[in-house]
Student: 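Just passing along the structure, written as structure tokens.
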Amino acid sequence: MLILAAALPAAGALAVWRLRRRPYAHWIGAGAAALAFAAVAMLPVGRGSGAWLVADGELTGAWWHQVSIEWAPSLHLEFSLAVDGVSWTLALLTALLGVLCCVHNAVGAEQRAADLLGADRAASAPLQVPAGSFETGGPSPAARRVRGVPADGASGSASGSLQEPPGSFETGGPFPAAAPVHGVPSGAGGGEPEGDRWQSPILTALLLAVQAASTLVFLTDNLVLFFIAFEAVLLPMWAIIHRYGDPAARRRAAAKFALFTVAGSLLMATGLFIAIADTGTADLGAILLHGGVGDDRSLLVFALLALGFAVKAPLWPFHSWLPDAHTAAPTVGSVLLAGVLLKLGTYGLIRVAGGLAPDGAADAAPVLAALAALGILVAGLVCLRLPEIKRLIAYSSVGHMGFVVLAFAAGTEAGVRAALFGNLAHGLVTPLLFFLAGALKARTHTGSLGALGGLRLAAPALAGLLGFAALASLGLPGLAGFWGEAFTVYAAAERGGAWLGLAAAAAFGAFLAAAYLLRMLRRVSHGPVAPAVYGIGDVSAAEAAVWAPLVAGTLLLGLVPGPLLALFSEGLL
């Protein structure tokens, strides 16, 4: 099952690419992602206690499951995979988001094909509306849309001032078609990131490649293989942004993403190879078992690894690539960025950097905690002024990852549990926010908060889900975002002394998060219905099916956090 978890999405990517000209290629990818999810979900079956045991100096106990195949022993490279409570939860999250993104693409591709077929039939119809003028008893449906009034005229008192008296108007042909209910408008190309090319089967293949490499990162037990898998994520993610992102910003955002990631990876690689040279092995579990590298190199190894992982996390001030990448990326790209790629950085920081160099982590904890607290505050203040919804959600991730890093830096058992919990909660809540923001932009052709408004009247279900996700993101008790942030503050305060100031900064950051997310809801959901929002469709059945697992997971973790915390106790840290 360990091998299948990574091999199935890789095989699916190859199959989709080979069959990219077939109409069912997207569903091949979705099927491969679903099989990979099933394989990951089965990993806890038959697991042991997750404890490590030593008898006569030999390792006799191990992970839940482990497989090791020799590859290049002279280079300390083995195809060695292992899983425990920490890595399994992140692998499962990766597999879940992979399925949702592939299904999102497949449904969008089918709807796009149906829209084009309908447009072709309309264009070839024998009866066209000729250009000219005619008398009306009021504004036509097309005119109502142009003027910002729904085609059915059900605008209520708020739109009464936009009505026009009977009269005549010129028409140059058939009226433009309304946006489909599913949320991907006909002909949504132009400058929109969700354009004609976003449903390409090659995009699905790239998503599966990201899923395969990320799953390998979470499951590998060999440091050299860890580095290879970590780097393998870069190319397909770069291609997603560069090829399928917003034409106005994608090239710059993709280049910035690549440069930052490569720079961080060079530092990370240096730290990994110093650790391998010092310990004489690349076996991650064995190094963790024996306490990491020597004391004389611990701080150096941790500093190199922490800098490398801080770029991917991202930790302030290494975060500037993230808002650009999120803003330019297509919806599914933003979902994987938030739900998977950021987790590579935090997982590496907690398990690899903290595990290989625990003494160095303790020495560097005050600096790491100060940067995390500053990141929480800076992200909150910036979000209060941001005018674009995707960029706001992206910057909010900087603050949320600041909570994760601060909890880890605290170094206590409560802090590590809070870091792991907050990491996973962010992987559910923020992808949901990006799905919702993408659906809103596809319907309205804008992400500007100033151009939106009245969503609760035009699309109440979409507005309700956006409100739910925003409340979860700001840490409302009973939802997933609460536990990680609340116990981060507790873990920092538990250290006492100067850490009380860091705990206060984190608490104020949570207050800022509530302020900017409520500001977003006020601008998007409340007030009079904005012209861009008139006539948009509400949540479709397909969208509800894709988003439902994220909603359910957010509720489940918020109401019943105990089982997840118990899984973390079975992890090797």
Side-chain angles (χ1 to χ4, degrees), residues 144-152 154-162 176 178-186 188 190-195 246 248-249 323 326-331 334-335 338 382-397 429-474 513-540 543 547:
R144 287 174 179 170
R145 280 191 295 272
V146 171
R147 293 175 177 268
V149 182
D152 61 345
S155 56
S157 59
S159 60
S161 60
L162 297 175
V181 172
H182 68 93
V184 182
S186 298
E192 291 296 321
E194 309 295 330
D246 183 354
H326 269 307
T327 304
T331 295
S334 293
V335 168
V382 170
C383 285
L384 284 173
R385 300 291 298 170
L386 286 176
E388 206 276 338
I389 188 168
K390 282 190 72 175
R391 199 169 185 86
L392 186 152
I393 297 170
Y395 255 106
S396 75
S397 291
V429 176
T430 304
L432 177 59
L433 279 170
F434 276 117
F435 268 131
L436 295 167
L440 186 61
K441 290 188 70 172
R443 287 163 162 82
T444 62
H445 301 281
T446 182
S448 172
L449 298 180
L452 300 171
L455 186 65
R456 65 188 180 89
L457 299 176
L462 183 59
L465 284 171
L466 183 63
F468 171 85
L471 292 175
S473 185
L474 63 82
Y516 66 70
L517 287 167
L518 291 176
R519 166 183 170 264
M520 179 193 74
L521 290 179
R522 179 178 63 82
R523 300 289 292 274
V524 173
S525 296
H526 297 273
V529 179
V533 178
Y534 274 127
I536 68 170
D538 211 340
V539 177
S540 68
E543 288 174 326
W547 303 339

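In what follows, every heavy atom counts, from backbone to side chain, and hydrogens, waters and symmetry copies are set aside.
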Student: List the steps and the verdict of side-chain contact (heavy atoms from CB on, under 4.5 Å) for Leu457 and Val533.
Tutor: CA-CA 9 Å; Leu457 299 176; Val533 178; over 6 Å; no
Student: Nearest heavy-atom pair of Ile536 and Ala459: which atoms, and what distance?
Tutor: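 The answer is CD1-CB, 4.2 Å.
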Student: At their closest point, which heavy atom of Ala458 faces which heavy atom of Val529, and how far apart are they?
Tutor: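 Scanning both residues, the minimum pair turns out to be CB-CG1, 4.3 Å.
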Student: Atom CE in Met520, atom CG in Leu518: separation rounded to 0.5 Å?
Tutor: 9.0 Å
Student: Nearest 0.5 Å, please: how far is NZ in Lys441 from CG in Asp246?
Tutor: 6.5 Å
Student: Which residues satisfy the salt bridge (charged side-chain N to carboxylate O under 4.0 Å, His left out) test with Arg523, sequence neighbours excluded?
Tutor: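 Arg523 satisfies salt bridge (charged side-chain N to carboxylate O under 4.0 Å, His left out) with no other residue.
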Student: Roughly how far, to the nearest 0.5 Å, is the CG atom of Leu386 from the OG atom of Ser448?
Tutor: 11.5 Å
Student: Can you tell me how far CG of Leu449 sits from CZ of Arg522, rounded to the nearest 0.5 angstrom?
Tutor: 9.5 Å
Student: State the CG-OG distance between Leu433 and Ser334, to the nearest 0.5 angstrom.
Tutor: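 Leu433 CG to Ser334 OG: 11.5 Å, rounded to 0.5 Å.
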Student: Listed by chain and number, what are the side chain to side chain donor-acceptor pair (under 3.5 Å) partners of Arg456, not counting sequence neighbours?
Tutor: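 If we apply the side chain to side chain donor-acceptor pair (under 3.5 Å) test to Arg456, skipping adjacent residues, the hits are His526.
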Student: By ring-ring contact (aromatic ring centres under 6.0 Å, His included), which residues pair with Tyr516, not counting sequence neighbours?
Tutor: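 By the ring-ring contact (aromatic ring centres under 6.0 Å, His included) rule, Tyr516 matches no residue at all.
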Student: Please enumerate all residues that pass side chain to side chain donor-acceptor pair (under 3.5 Å) together with Ser525, with sequence neighbours excluded.
Tutor: none
Student: Does anything in residues 457-473 pair up under side chain to side chain donor-acceptor pair (under 3.5 Å), and if so which pairs, sequence neighbours excluded?
Tutor: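 Sorted result for residues 457-473: His400-Ser473.
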Student: What pair of heavy atoms forms the shortest contact from Thr327 to Glu388, and how long is it?
Tutor: CG2-OE1, 4.4 Å
Student: Taking distance alone, no hydrogens or angles, what donor-acceptor pairs closer than 3.5 Å link side-chain atoms of residues 461-469 to residues at least two apart or in another chain?
Tutor:
none

Student: Do you know the tightest heavy-atom contact between Ala439 and Glu543?
Tutor: CB-OE2, 3.9 Å
Student: How long is the span from the CG atom in Leu384 to the CG atom in Leu392, to the nearest 0.5 Å?
Tutor: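 Result: 8.5 Å between the selected atoms.
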Student: Sequence neighbours left out, what passes side-chain contact (heavy atoms from CB on, under 4.5 Å) with Ala532? Give chain and number order.
Tutor: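 Ala532 satisfies side-chain contact (heavy atoms from CB on, under 4.5 Å) with Thr444, Thr446 only.
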Student: Angle between ring planes, His326 versus Phe434, binned at 30° and 60°: parallel, tilted or perpendicular?
Tutor: parallel
